[in-house]
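Just below is one structure, and these are the notes that go with it.
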Amino acid sequence: MRDQERRPAHLIEAVLLVSARPIGSSDLRSATGLSDQELESALAGLRERYAPESSGIVLREVAGGHLLSTNPACSAAVERFRREARPAPLSGAAHEVLACALYLGPLTRGAVSRVRGVNSDAVIRSLIERNLLVEVGADHDAPGSPALLGVTDEFLAATGASSRKDFPPLDSLVTQEELDRVRERLASSGTAAGSEPS
Amino acid sequence: MRDQERRPAHLIEAVLLVSARPIGSSDLRSATGLSDQELESALAGLRERYAPESSGIVLREVAGGHLLSTNPACSAAVERFRREARPAPLSGAAHEVLACALYLGPLTRGAVSRVRGVNSDAVIRSLIERNLLVEVGADHDAPGSPALLGVTDEFLAATGASSRKDFPPLDSLVTQEELDRVRERLASSGTAAGSEPS
Amino acid sequence: MTFEPLGRSLSDFTVELDVYSGPYEWLLALILKDELEIFEVPLRELVESYLLVRRPGAANGLERDTDFAGSAAALILLKSRTLSPAIDADSEGIEDEPLSPEVLAERLTEYLKIRRAAEHLKDRFVLNAGHYTSAHTIAPRQGSLSINLDRVSLAARQAFSRLIEPPVRHLGPITVTLQQLAGIIRTAIAGGPVSYESLTSDMDRMNRAVAFAAALSLAQEGSLTLTQAEPLGPLTLEPSR
């Protein structure tokens, strides 16, 4: 029985229970003293044990680590227990700002506003408040060294991404056809009329 | 699969994950909406799933409730993780709350929120948990005598400061006009202590 | 006729949209205060909801229709301006120069990509919602946290210099300063035609938006004429003859 108690998967389970943040493989290894191989095979077993189909607690690979969390299928019970409503969904503007930071960042507030064509300071502030956006440095080449914004690990966890590379490339999101349509529309509208006989 | 996802045991597991304190049967019932019988049979299944022989996470019956905790057989790994885990870095919001307590404190939760312009309760809660903020008294002039918050010695230690005097004076950071505005906000929150920044 | 009635006669008109549900006049306030992006408001649905509750036979029916038409027109104008990039001269780093069609096309292309990426993100957020983490966490080792002193100073500067606008979500009746801005416009055009750009050059984003609505309402009332030689070209306000 002692052997069973010390099974690699148990050590990992115990460590995962006490963290609300994703734990990277190297931290798991050094806490449990497991080898790479032991860790991998134990994690494979745990992925099954804590799969959404078979458990109210699920094992996720997010933000570069492993994290236990509740199964969304059970979220209503959790929210009732905590007497907490689910946080309000983000606005379209907030998604756009996050997309800027994810794909074009780190970038300044001014750069976000320039891309979106509207002042985005209020949205940025609320995203920083929600821990989805963070100041990661400063643009020292610009006057006043404005802060540079990037997405956080919480953002990765909230989108179920294991890393920034987990998102489709920006160019793949828009088809050439769509881009052509934009140009056409622009040409036929008054704005670009000067360059294009209508 | 939907049925399986909603299996009584899953709901209970999820709720147990988000509580660090034992949950009584009646609270479990009201959160999950399960009947007495369903609850009992689901708990019997979970006792097996989370038995010390078979899991690093164990289900315990303590203080009249149900609680998940780490298997004592895994405590060495948990302890190593605790020693090695780097604490989560503080967010921008957390820095602002600490700055409020440092420069304007002791002050109430309401006063912090008023100065920052956003509700800061969640940030304050996590800073208290992290031992960086502490309740140092109560504002007896305000209705309900809300607690007054100040920074801890741990905070000073974490910044490498030997005392508050190591921080730049407030008037070197903001203009008189800005300072007046902040004082106005403090005054309107009815905090006697906060209205006299030290 | 004054500007009082704008919105007031519509005080019982509530809307149910994906992005907002509640009184129409609060919706206007939220948009004007930048709390809600005009981009997200489906104007067509808005018009449809109004048509459902329209009361042509009521005593103030005409007034209601006029108010709604006026405010909806202002929203459409605002939305069209939002769609055209780089109009916000008052925000840092945003130039106010006219853009060449090539640059404009490039910007719109970039924006379109971001817009698509945002939609993708939205789906991912929805798909991943409802994951709550463990509450059984252990406190990290004492003394291992390091806080940067400069970062605290910076945070103090940010927290104490922030201009805080009163929250509008709890507002009862809205207090948009249409009337005040109408007064400013009346005074400005008393001496002759004025361009919208010069009139609003010193104003912040919100005041510009309100000035827009005020100018439209004045035009609707017949107090002034709005002329725009070309689409998206300069807008001129002149006293009605």
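In this text, all values refer to a predicted model and were calculated from it rather than measured experimentally. For the numbers below, each heavy atom of this structure counts, side chains included, while hydrogens, waters and symmetry mates do not. Sequence lines set the chain letters: A, B, ... in the order given, protein chains first and strands last, and positions in each chain run from 1.
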Cut-off 4.5 Å, heavy atoms of chain A, and the answer for B:S30 is backbone
### Message
With a 4.5 Å cut-off on side-chain heavy atoms, are B:L127 and B:L90 touching?
### Response
yes
Evaluate the side-chain proximity of B:D139 to B:L148: yes if any heavy-atom separation is below 4.5 Å, no if none is.
yes
Interface check, chain B: of A:V78, A:I128, A:D153, A:I12, most non-hydrogen pairs under 4.5 Å belong to A:V78
Of A:I23, A:V134, A:D27, the largest count of non-hydrogen pairs under 4.5 angstrom with chain B goes to A:I23
Cut-off 4.5 Å, heavy atoms of chain B, and the answer for A:R49 is both
Cut-off 4.5 Å, heavy atoms of chain A, and the answer for B:S120 is neither
Side chains of A:E13 and B:S55, heavy atoms from C-beta outward: is any pair under 4.5 Å? yes
Of A:L11, A:L59, A:I57, A:L67, the one forming a side chain to side chain contact (heavy atoms under 4.5 Å, CB included) with A:L16 is A:L59
Most heavy-atom pairs under 4.5 Å with chain A, out of B:S69, B:S75, B:A77, B:S91, belong to B:A77
Say whether, by atom type as modelled, one donor and one acceptor occur between the side chain of A:R60 and the main chain of A:A157 under 3.5 angstrom. yes
